[in-house]
S.K.: 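Structure incoming, see below.
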Protein chains: 2
Amino acid sequence: MTEKATPSPEAIMAWARLMRVSRQMVESAEEALKGGGLPPLAWYDVLHELAEAGEGGLRPFQLTERTLFAQYNISRLLARLEADGLVEKLPVADDGRGQTIRISAKGRETRRQMWAVYGRSIAELVGARLSPDELNTVSALLGQLRHPPLGE
Amino acid sequence: MTEKATPSPEAIMAWARLMRVSRQMVESAEEALKGGGLPPLAWYDVLHELAEAGEGGLRPFQLTERTLFAQYNISRLLARLEADGLVEKLPVADDGRGQTIRISAKGRETRRQMWAVYGRSIAELVGARLSPDELNTVSALLGQLRHPPLGE
DNA sequence: CGAGTATTGATGCAATTGCATCTATGTAGA
DNA sequence: TCTACATAGATGCAATTGCATCAATACTCG
């Protein structure tokens, strides 16, 4: 048993920074988008995945896996995206239960507009504050923290 | 103008990791607390600040500053904490508008129980995955990302 | 003092989230 | 085939959040 019930001061500090900084950054980015009259970050995440998926689209459950959103959140988010004409829901040939979600032209355009603002936020909040080397270090270390649930 | 509208690949990667990892960790910790029949993380944050403040307590607006919660969220969170008997609201002598929030004995006890679970999560999610040196590096680098809004 | 403004905290209402559950279709095995 | 179970996605309802605004008290300056 290497498990420790009480975290080290170093762990607590790193955790605290992670919590605080991530919340601040999300807030800043969200604020920037809102300021530009654009949809919230969550929409970007989904549009991004769908844009990468291309014409084939993605099934909702695939979006659930890739984005960390709960199933019911994806379900409702897609409903909103569809209502806004940013995505299309297509029936799926070999599975009567499912559907395939494909991003529309308007969806791509919205994503592009969002990226103009979101990307700038990333550049300012992160890119301008750490050197490329430091950024790589952060990425590598944070990478070691992935995949918490279910065994190593 | 050193401002860049488009973030570097390194910045994008670091951002993506930060977003993903922080969400996962919050989710894990939240799940652990729920599993233990304990209140959500937000309660801990407030109880923690109040416990550190001691008998003097804190004004709600001070909690707003320290926790990154919006003013109306603090207002409602405190109402719930009070309803659960975890904090007390005291009138403030020299400012008729305000109140002082003080943690109760029950509040301290709840905080302690939460820490048993929360601390274990931190130890497992962060402490067990990076060395003390690495943790310090993460803290230092994340520290450079603080305080995004309003001027350097 | 008195008017105008700022600050503290609360709240009505709409939107979103979480939870539990439901419907419908698919799959496996007797 | 028929039954039991698994998976995909939607949804009713309660709790929480965000937004805008409000009431009450404090402060500032003429």
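Just so we're on the same page: letters track the sequence lines, and every chain starts at 1.
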S.K.: Kindly say whether A:Lys106 contributes a backbone atom to a donor-acceptor pair with the side chain of A:Thr110 at under 3.5 angstrom?
M.R.: yes
S.K.: I need the CG-P distance between A:Leu81 and D:dA10, as an integer number of Å.
M.R.: 12 Å
S.K.: Counting distance only, does the side-chain N/O of B:Arg146 pair as donor-acceptor with the main-chain N or O of B:Gly143 below 3.5 Å?
M.R.: yes
S.K.: Taking the inter-plane angle between the rings of A:Trp115 and A:Tyr118 on a 0 to 90° scale, is it parallel (under 30°), tilted (30 to 60°) or perpendicular (over 60°)?
M.R.: perpendicular
S.K.: Quick check against the 3.5 Å criterion: does B:Thr100 have a side-chain atom that pairs as donor or acceptor with the backbone of B:Gly57?
M.R.: no
S.K.: For the pair made of CG in A:Leu77 and C1' in D:dA8, what is the distance, rounded to whole Å?
M.R.: 17 Å
S.K.: Among D:dA26, D:dT16, C:dC19, find the nucleotide with the atom closest to the side chain of B:Asp95.
M.R.: D:dA26
S.K.: Of the listed nucleotides (D:dT16, D:dA26, D:dG9), which one gets closest to any side-chain atom of B:Arg97?
M.R.: D:dA26
S.K.: Between A:Glu30 and A:Leu41 (side chain of the first, backbone of the second, donor and acceptor by atom type, cut-off under 3.5 Å), is there such a pair?
M.R.: yes
S.K.: Return the value, rounded to whole Å, for the distance between atom CD of A:Glu31 and atom P of D:dG18.
M.R.: 12 Å
S.K.: Below the 4.0 Å mark, does D:dG18 have OP1 or OP2 next to a side-chain nitrogen or oxygen of B:Asn73?
M.R.: yes
S.K.: I want to confirm an ordering. Mapping B:Tyr72 and A:Thr100 to their closest nucleotides on DNA chain D, which one lands closer to the 5' end?
M.R.: A:Thr100
S.K.: Under 4.0 Å between any heavy atoms, over every strand shown, what does B:Gln99 touch: base, sugar-phosphate, or nothing? Just pick one.
M.R.: sugar-phosphate
S.K.: Is a donor-acceptor contact shorter than 3.5 angstrom present between the side chain of B:Arg76 and the base of C:dG9?
M.R.: no
S.K.: To 10°, what angle do the rotation axes through the five end pairs on each side of the helix from C:dC1-D:dG30 to C:dA30-D:dT1 form?
M.R.: 20°
S.K.: Look at the side chain of B:Gln71 and decide which nucleotide, out of D:dT17, C:dG9, C:dG18, has an atom nearest to it.
M.R.: C:dG9
S.K.: Hey, mind stepping through B:Leu86 and B:Val46 against side chain to side chain contact (heavy atoms under 4.5 Å, CB included) and telling me if it holds?
M.R.: CA-CA 11 Å; B:Leu86 305 185; B:Val46 169; over 6 Å; no
S.K.: Round to a whole Å and report the spacing from CG of B:Leu58 to P of C:dG9.
M.R.: 11 Å
S.K.: Would you say B:Arg59's side chain and B:Gln99's backbone share a donor-acceptor pair under 3.5 angstrom?
M.R.: yes
S.K.: When the distance from CH2 of B:Trp43 to P of D:dT17 is rounded to whole Å, what number comes out?
M.R.: 11 Å
S.K.: Take atom CG of A:Asp84 and atom P of C:dA15, then tell me their distance rounded to the nearest Å.
M.R.: 13 Å
S.K.: Examine B:Leu47 and B:Leu58 and state if one hydrophobic cluster contains both, with Ile, Leu, Val, Met, Phe, Trp and Tyr joined whenever side-chain heavy atoms are less than 4.5 Å apart.
M.R.: yes
S.K.: Starting at the 5' end of DNA chain C, which residue's closest nucleotide do you reach first, A:Arg80 or A:Gly96?
M.R.: A:Arg80
S.K.: Expressed as a whole number of angstroms, how long is the span from B:Leu33:CG to C:dG18:C1'?
M.R.: 16 Å
S.K.: Output the single nucleotide from D:dA8, C:dG12, C:dT17 whose closest atom is nearest the side chain of A:Arg59.
M.R.: D:dA8
S.K.: Is any side-chain N or O of A:Lys89 closer than 4.0 Å to OP1 or OP2 of D:dA10?
M.R.: yes
S.K.: Rounded to whole angstrom units, what separation is found between the CD1 atom of A:Ile74 and the P atom of D:dA10?
M.R.: 11 Å
S.K.: Just N and O in the side chain of B:Lys34: are any of them under 4.0 Å from OP1 or OP2 of C:dG18?
M.R.: no
S.K.: Measure from the side chain of A:Phe61, starting at C-beta and using heavy atoms only, and say which of D:dC13, C:dT16, D:dG9 lies closest.
M.R.: D:dG9
